[in-house]
Amino acid sequence: MKDSKSGDGVREDPVNIPLLEEYLSPATTLQLNHHNEIRDDLLSRVWVESKKFWKIAGPSIVIRIASYSILVITQAFAGHLGDLELAAVSVSITVVIGFTFGLLLGMASALETLCGQAYGAKKYRMLGIYLQRSWVVLTLCAILLLPVYIFTAPILKLLGQPDDLAELTGLFTNWLTPLPFALALQMPSQRFLQCQRKTSIVAWVCLGALLFHILLIWSVVYKLGFGVIGAAAILNVSWWIIVLGSFSYIACGGCPETWTGFSMEAFSGLWEFFKLSMASGVMLCLENWYYMILVLMTGNLSNAKVAVSALTICMSINGWEVMIPLAFFAATGVRVANELGAGNGKAAKFATKVSVVTSLIIGIFFCALIMIFHEKLAIIFTSSVVILQAVDNLAFLLACTVLLNSIQPVLSGVAVGSGWQASVAFINIGCYYIIGIPLGVALGWVFHLGVRGIWSGMIGGTAIQTLILIIITIRCDWDMHAQIASSRMNMLSNS
């Protein structure tokens, strides 16, 4: 058989290395073998890390998309009642629930640091204690948030929203007062299970709640004619199904090593736990509030109903897609915390690289989808030609936001897993509120670009924040953070 030749006369046989030895020196052959070993080892490490990552991220994606879909479906049903109903429910979900969700999600994310590192350090009993401490802290926070739900209408009027929009938004939100308590219990439970890679059961519970929501909301809103009040009532019930399902699994033997029942230890060491929870809460809620401010600023433009409806539809689509990066945020936080808790700084660094690249690839895919189907993005929310066109005009900015959000939440997950929440909170303040919002105001009103100008300026702040997080992550001393994690575990387990 005739041998194939490369351009320099050497036979191409990538599989049978010994055939090359007659052409290569012994030193070159040794280097080639070493290169192939490194390549094979890298591929196997990526495969092993990806399996660990997706075991956490896969169920988390289902949980987040199913639970967020409950909100989006509520918004979509309201949209077919009328433009005012769409705008009111959209403002309530995007601003009020978003405000609550951002704060409680951030505070619950302290468990990704503590439970993740405790699980890596094999201090299993402490996971149950941390969970109960988180329930206590977040429930107190939910009580403090009640005035926002009760006085939504006057608050929105004070912020310059139209009276009819503020009144209907306030009515819908008043009926949602049980929701913050459901979030205060469900979010810590989910993170408690995530850190043990036991979220599959929660995924099934969320899918069941979503199915219940779809069946009931159609009957209550349209057939029985309860409108937005009926939508709010069904929304409460659906979320409490998720809470009770998750707690039943935890308390009825699903986590025998980490849940040993209620303990008075949950009320000890609350101050240290509260400080870390607040740092996490501030870090994440500053990101969530950023986009709520965008909606409120848009409500002050002319033709506010159309502008707010179009923007909140884009925010809902973005929120739907960002559930995937947020699941990666959770998975990255758990993986980094596990490895740091076990003292493996280099493994934590490698987990970060795999999660960032994975999320970026998926972000590029969805960015392309948005640009391809830009004219049909809002069709499930409304049949209004004016709003459909307004959403189409915002499609490019939506695609840019989706691309940035494929990277930024994962890097925030690294921060949570490493315990950098306080530092990232200051970065968020600078990028979002000192750069992004003033730039958005200038482009929106000074340069008369309207909602596109407001959103463009705020994208600039997100881009700068993402760049800073990339630099911090690249320059991180992972071995030092592994030592810090070990010290934290010793301090908190003794408190």
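Along the sequence shown, the residues carry numbers beginning at 1.
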J.: Looking at Lys353 and Glu49, is any side-chain nitrogen of the basic one under 4.0 Å from a carboxylate oxygen of the acidic one?
T.: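 Looking at Lys353 together with Glu49, the answer is no, because their closest N to O distance does not fall below 4.0 Å.
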
J.: Do the side chains of Phe77 and Leu81 get nearer than 4.5 Å, heavy atoms only?
T.: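 Leu81 vs Phe77: side chains apart.
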
J.: If you draw a 6.0 Å radius around CH2 in Trp175, do more than 12 non-hydrogen atoms from other residues or ligands fall strictly inside?
T.: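 Not buried by this count: 12 neighbours or fewer within 6.0 Å.
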
J.: Taking atom types as modelled, is there a side-chain donor on His213 or Thr74 under 3.5 Å from an acceptor on the other?
T.: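 Indeed, the side chains of His213 and Thr74 share at least one donor-acceptor pair under 3.5 Å.
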
J.: Applying side-chain contact (heavy atoms from CB on, under 4.5 Å), run through Thr258 and Leu131 and close with a yes or a no.
T.: CA-CA 10 Å; Thr258 55; Leu131 172 62; over 6 Å; no

J.: Would you say that Ile317 contacts Phe381 through its side chain, given a criterion of any heavy-atom pair below 4.5 Å between the two side chains?
T.: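 Answer yes - side chains close enough.
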
J.: Which heavy-atom pair separates Leu404 from Pro409 by the least distance, and what is that distance?
T.: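 So the minimum-distance heavy-atom pair works out to O-CD, 4.4 Å.
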
J.: With no hydrogens and no angle check, is any side-chain donor or acceptor of Asn405 less than 3.5 Å from a backbone partner on Pro325?
T.: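 No, because the side chain of Asn405 does not come within donor-acceptor range (under 3.5 Å) of the backbone of Pro325.
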
J.: Can you confirm whether Trp54 is buried at CH2, in the sense that more than 12 heavy atoms of other residues, nucleotides or ligands lie under 6.0 Å from that atom?
T.: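 Counting other residues, nucleotides and ligands, CH2 of Trp54 exceeds 12 neighbours.
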
J.: Indicate the atoms forming the closest heavy-atom contact of Leu411 with Thr466, along with that distance.
T.: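 Nearest heavy atoms, Leu411 then Thr466: CD1-O, 3.9 Å.
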
J.: Can you see which heavy atom on Val354 is nearest to which on Thr358, and at what distance?
T.: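 Between these two residues, the closest heavy atoms are O-OG1, 2.7 Å.
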
J.: Quick check: does any side chain N or O of Lys55 sit under 3.5 Å from a backbone N or O of Arg197, one acting as donor and the other as acceptor?
T.: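 Between the backbone of Arg197 and the side chain of Lys55 there is no qualifying donor-acceptor contact (under 3.5 Å).
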
J.: Go through the steps to decide whether Met315 and Trp455 satisfy the test side-chain contact (heavy atoms from CB on, under 4.5 Å), and finish with yes or no.
T.: CA-CA 11 Å; Met315 291 295 100; Trp455 197 352; 3.3 Å; yes

J.: Do Val96 and Leu176 have side chains that get closer than 4.5 Å, going by heavy atoms?
T.: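 Answer no - side chains too far apart.
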
J.: Quick one: pull up CD in Glu321 and CD1 in Ile370 and give me the separation to the nearest 0.5 Å.
T.: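 It comes to 6.5 Å.
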
J.: Drop me the distance from Ser92's OG to Tyr149's OH, to the nearest 0.5 angstrom.
T.: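 Spacing of OG (Ser92) from OH (Tyr149) equals 7.5 Å.
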
J.: Do you know which two heavy atoms are closest between Pro180 and Leu104, and how far apart they sit?
T.: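 In this case the closest contact between Pro180 and Leu104 is O-CD1, 3.6 Å.
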
J.: Just by modelled atom types, is the Gly170 backbone N or O under 3.5 Å from a matching donor or acceptor in the Asn174 side chain?
T.: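 Pair found, side chain donor or acceptor close to backbone of Gly170.
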
J.: Not counting sequence neighbours, which residues clear ring pair (Phe, Tyr, Trp, His ring centres under 6.0 Å) with Phe212? List them please.
T.: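 Ring pair (Phe, Tyr, Trp, His ring centres under 6.0 Å) check on Phe212 returns nothing, list empty.
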
J.: Just by modelled atom types, is the Ala347 backbone N or O under 3.5 Å from a matching donor or acceptor in the Asn344 side chain?
T.: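 Side chain of Asn344 to backbone of Ala347, a donor-acceptor pair under 3.5 Å: no, none is there.
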
J.: Are Cys255 and Tyr124 side-chain neighbours, meaning at least one heavy-atom pair lies under 4.5 Å?
T.: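 No, their side chains stay 4.5 Å or more apart.
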
J.: Which is it for Ser246 and Gln190 under the side chain to side chain donor-acceptor pair (under 3.5 Å) test, yes or no, and what are the steps along the way?
T.: CA-CA 7 Å; Ser246 301; Gln190 182 180 328; over 6 Å; no

J.: Can you confirm whether Ile472 sits close enough to Ile427 that some side-chain heavy atom of one is under 4.5 Å from a side-chain heavy atom of the other?
T.: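 Yes; the side chains approach each other to less than 4.5 Å.
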
J.: If you look at every heavy atom in Ala348 and Glu339, which pair is closest and at what distance?
T.: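 Looking at all heavy atoms of both residues, the shortest contact is N-CB, 3.7 Å.
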
J.: Please report the C-alpha distance between Thr199 and Ile56 in whole Å, then the side-chain angles of each, then the deciding distance to 0.1 Å, and finally whether the side-chain contact (heavy atoms from CB on, under 4.5 Å) criterion is met.
T.: CA-CA 7 Å; Thr199 47; Ile56 304 168; 5.6 Å; no

J.: Between Gln132 and Gly128 (side chain of the first, backbone of the second, donor and acceptor by atom type, cut-off under 3.5 Å), is there such a pair?
T.: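 Present.
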
J.: Go through Thr332 and Ser355 one step at a time and tell me if the side chain to side chain donor-acceptor pair (under 3.5 Å) criterion holds.
T.: CA-CA 6 Å; Thr332 304; Ser355 58; 3.3 Å; yes

J.: Are Trp135 and Tyr130 close enough that their ring centers fall under 6.0 Å?
T.: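 No - the distance between ring centres of Trp135 and Tyr130 does not fall below the 6.0 Å cut-off.
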
J.: If you measure from CZ on Arg133 to OG on Ser268, what distance do you get to the nearest 0.5 Å?
T.: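 The OG atom of Ser268 is 4.5 Å from CZ of Arg133, to the nearest 0.5 Å.
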
J.: What is the distance from atom CG of Leu193 to atom CD1 of Ile63, rounded to the nearest 0.5 Å?
T.: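 One finds 8.0 Å between CG of Leu193 and CD1 of Ile63.
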
J.: Please test Thr352 against Trp478 for side chain to side chain donor-acceptor pair (under 3.5 Å), starting from the C-alpha separation and ending with a verdict.
T.: CA-CA 11 Å; Thr352 298; Trp478 293 98; 5.9 Å; no

J.: With rounding to the nearest 0.5 angstrom, report the OG1 to OH distance, Thr462 to Tyr432.
T.: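 Taking OG1 in Thr462 and OH in Tyr432, the distance rounds to 4.5 Å.
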
J.: For the pair Phe53 and Phe328, name the ring-plane relationship: parallel under 30°, tilted 30 to 60°, perpendicular over 60°.
T.: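 If you compare the ring of Phe53 with that of Phe328, the planes turn out tilted.
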
J.: Donor-acceptor pair, Thr139 side chain versus Val136 backbone, under 3.5 Å?
T.: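 No, the answer is negative, given that no donor and acceptor are paired below the 3.5 Å cut-off.
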
J.: Counting C-beta onward and ignoring hydrogens, is there a side-chain heavy-atom pair between Leu71 and Trp320 closer than 4.5 Å?
T.: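 SC-SC contact between Leu71 and Trp320 ruled out.
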
J.: Run the side-chain contact (heavy atoms from CB on, under 4.5 Å) check on Val237 and Leu216 step by step: do they pass?
T.: CA-CA 10 Å; Val237 175; Leu216 264 290; over 6 Å; no

J.: Which pair of non-hydrogen atoms, one from Leu210 and one from Ala66, has the smallest distance, and what is that distance?
T.: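 Smallest interatomic distance, heavy atoms only, reads CD1-O, 3.9 Å.
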
J.: Mark yes when over 12 heavy atoms from residues, nucleotides or ligands other than Met264 sit less than 6.0 Å from its CE; otherwise mark no.
T.: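 No, not enclosed.
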
J.: Using a 4.5 Å cut-off on heavy atoms from C-beta on, say whether the side chain of Asn236 contacts that of Thr177.
T.: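 Side-chain contact under 4.5 Å: no.
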
J.: Do the side chains of Ser263 and Ile129 get nearer than 4.5 Å, heavy atoms only?
T.: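 Yes, at least one pair of side-chain atoms sits under 4.5 Å.
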
J.: Could you measure the distance from the CZ atom of Phe247 to the CH2 atom of Trp259? Nearest 0.5 Å is fine.
T.: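 Result: 5.5 Å between the selected atoms.
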
